[in-house]
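This report concerns only the one structure given below.
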Amino acid sequence: MRLHNLNITLKKIGIVLFPRFETLDVFGPVEMWGHMPDYEIAMVSEHGEAVVSSQGVETVAKYSFEDAPQFEILLVPGGIGTRVEVYNSVLLEFIRQQDQQTEWTTSVCTGSGILAKTGILDGRKATTNKQAQPYAWATSQSTAVMWQSRARWVVDGKYVTSSGVTAGTDMALGLIEIIHGKQTAEQIATYAEYVWNSDPHNDPFEIDENEAG
């Protein structure tokens, strides 16, 4: 389905990898964004090394934090590895530097906890995984974020954060809708035989914030 236009300069999507990232947080959005003809996708890790996900899948990174280009779209996945990465000052600084010039900064699941830790979500609405323990952990990374316990994904300015795991795929299509229109997003979802939850407010896993305390 993807059609390349050789006369355009492709924009870049950077997917941040770290040990024990959640596999579908990365590859759900990759499946959808990979059909946009004006973007190319690259993986980036701290040292440019291959990284193993929570499910044991090894993924090769094209760039290190040091030699990565500026990305127009940056995505930070979630996964159990986020519990370590919120203390990784090199990762946090890389995200801050990239964010200065991104067109969109996005996250899936507890990846928003990492974004929150950088401070770039301060004063903005955001969401994260709705299971009680991950929700409590991610939201504890910054009290300056306006956390939304009832949202499949949230758009606030250029920041797009999504709920747990599969919500990242819905969010990715939602961003395609913003960039290329709903018809294109629906065509890509149909091509993938994916039933897209296209309403960011329709969150089947919403919780009462008191439950996550």
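One-based numbering along the sequence shown. Hydrogens, waters and symmetry mates are skipped; everything else that's a heavy atom, side chains included, is used.
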Measure across Ala138 and Thr128 and return the closest heavy-atom pair with its distance rounded to 0.1 Å.
-> CB-OG1, 3.4 Å

Any side-chain heavy-atom pair from Pro204 and Asn197 closer than 4.5 angstrom?
-> yes

Going only through I, L, V, M, F, W and Y residues with side-chain contacts under 4.5 Å, is there a path from Leu92 to Val108?
-> yes

One should read off an interatomic distance between Asp170 CG and Ser198 OG, to the nearest 0.5 angstrom, of 8.5 Å

Ala42 and Tyr63: which non-hydrogen atoms are nearest, and at how many Å?
-> CB-CE1, 3.6 Å

Any chance you could measure Cys109, atom SG, to Phe21, atom CZ, to the nearest 0.5 Å?
-> 13.0 Å

Look at the side-chain heavy atoms of Ile, Leu, Val, Met, Phe, Trp and Tyr, link any pair under 4.5 Å apart, and say whether Val86 and Val145 land in one connected group.
-> yes

With hydrophobic residues grouped by side-chain heavy-atom distances under 4.5 Å, do Met32 and Trp104 end up in a single group?
-> yes

Residues, nucleotides or ligands: over 12 heavy atoms within 6.0 Å of Tyr194 OH | yes

State, yes or no, whether a side-chain contact exists between Thr118 and Asp99 at a heavy-atom distance under 4.5 Å.
-> no

Check: Asn88 and Phe18 side chains under 4.5 Å, non-hydrogen atoms | no

Looking at side-chain heavy atoms only, is the closest gap between Val30 and Met43 below 4.5 Å?
-> yes

Test log, rule side-chain contact (heavy atoms from CB on, under 4.5 Å), inputs Glu22 and Gln55 = CA-CA 7 Å; Glu22 186 69 25; Gln55 289 72 30; 2.9 Å; yes

Between Lys158, Lys12, Glu72, which is the residue that forms a side chain to side chain donor-acceptor pair (under 3.5 Å) with Thr102?
-> Lys158

Please answer whether the main-chain N or O of Asp67 pairs with a side-chain N or O of Ser64 as donor and acceptor at a distance below 3.5 Å.
-> yes

Closest contact, heavy atoms only, Lys130 versus Ala151 = NZ-O, 2.6 Å

Single-linkage hydrophobic cluster, 4.5 Å side-chain cutoff, Leu24 and Val195 together | no

Stepwise side chain to side chain donor-acceptor pair (under 3.5 Å) test for Asp122 and Ser142 | CA-CA 8 Å; Asp122 287 0; Ser142 175; 3.3 Å; yes

Describe, in one word, how the ring planes of Phe94 and Phe71 are oriented to each other, choosing from parallel (under 30°), tilted (30 to 60°) and perpendicular (over 60°).
-> perpendicular

Nearest 0.5 Å please: distance from the CD1 atom of Ile120 over to the CD1 atom of Ile95.
-> 6.5 Å

Relative to the ring of His180, is the ring of Tyr39 parallel (under 30°), tilted (30 to 60°) or perpendicular (over 60°)?
-> perpendicular

Under a 4.5 Å cut-off applied to non-hydrogen side-chain atoms, are Ile15 and Trp33 in contact?
-> yes

When rounded to the nearest 0.5 angstrom, what distance separates OG1 in Thr105 from CZ in Arg124?
-> 9.5 Å

Listed pairs under 3.5 Å, donor-acceptor, residues 73-80 side chains, sequence neighbours left out:
none

For Ser107 and Met171 the tightest heavy-atom approach is O-CE, 3.7 Å

OG1 of Thr190 to CH2 of Trp196, rounded to nearest 0.5 Å, is 10.0 Å

Please tell me if the side chains of Val26 and Ser53 come closer than 4.5 Å, counting only heavy atoms from C-beta onward.
-> no

Sub-3.5 Å donor-acceptor pair from the side chain of Gln183 to the main-chain atoms of Gly181, do we have one?
-> no

Going hydrophobic residue to hydrophobic residue with side-chain gaps under 4.5 angstrom, can you get from Val57 over to Val51?
-> no

Report the distance from atom CG of Asp25 to atom CG of Leu17, rounding to the nearest 0.5 Å.
-> 11.5 Å

Just by distance, do the side chain of Gln98 and the backbone of Pro69 share a donor-acceptor pair under 3.5 Å?
-> yes

Side-chain donor-acceptor pair under 3.5 Å between Arg152 and Thr166, yes or no?
-> yes

What pair of heavy atoms forms the shortest contact from Trp137 to Arg83, and how long is it?
-> CZ2-CA, 3.7 Å

Measure the shortest side-chain to side-chain distance between Ile13 and Met36 over non-hydrogen atoms and say whether it is less than 4.5 angstrom.
-> yes

Return the minimal non-hydrogen interatomic distance between Gln70 and Gln97, and the atom names on each side.
-> OE1-O, 4.3 Å

Without hydrogens or angle criteria, can the side chains of Asp203 and Gln148 be said to hold a donor-acceptor pair below 3.5 Å?
-> no

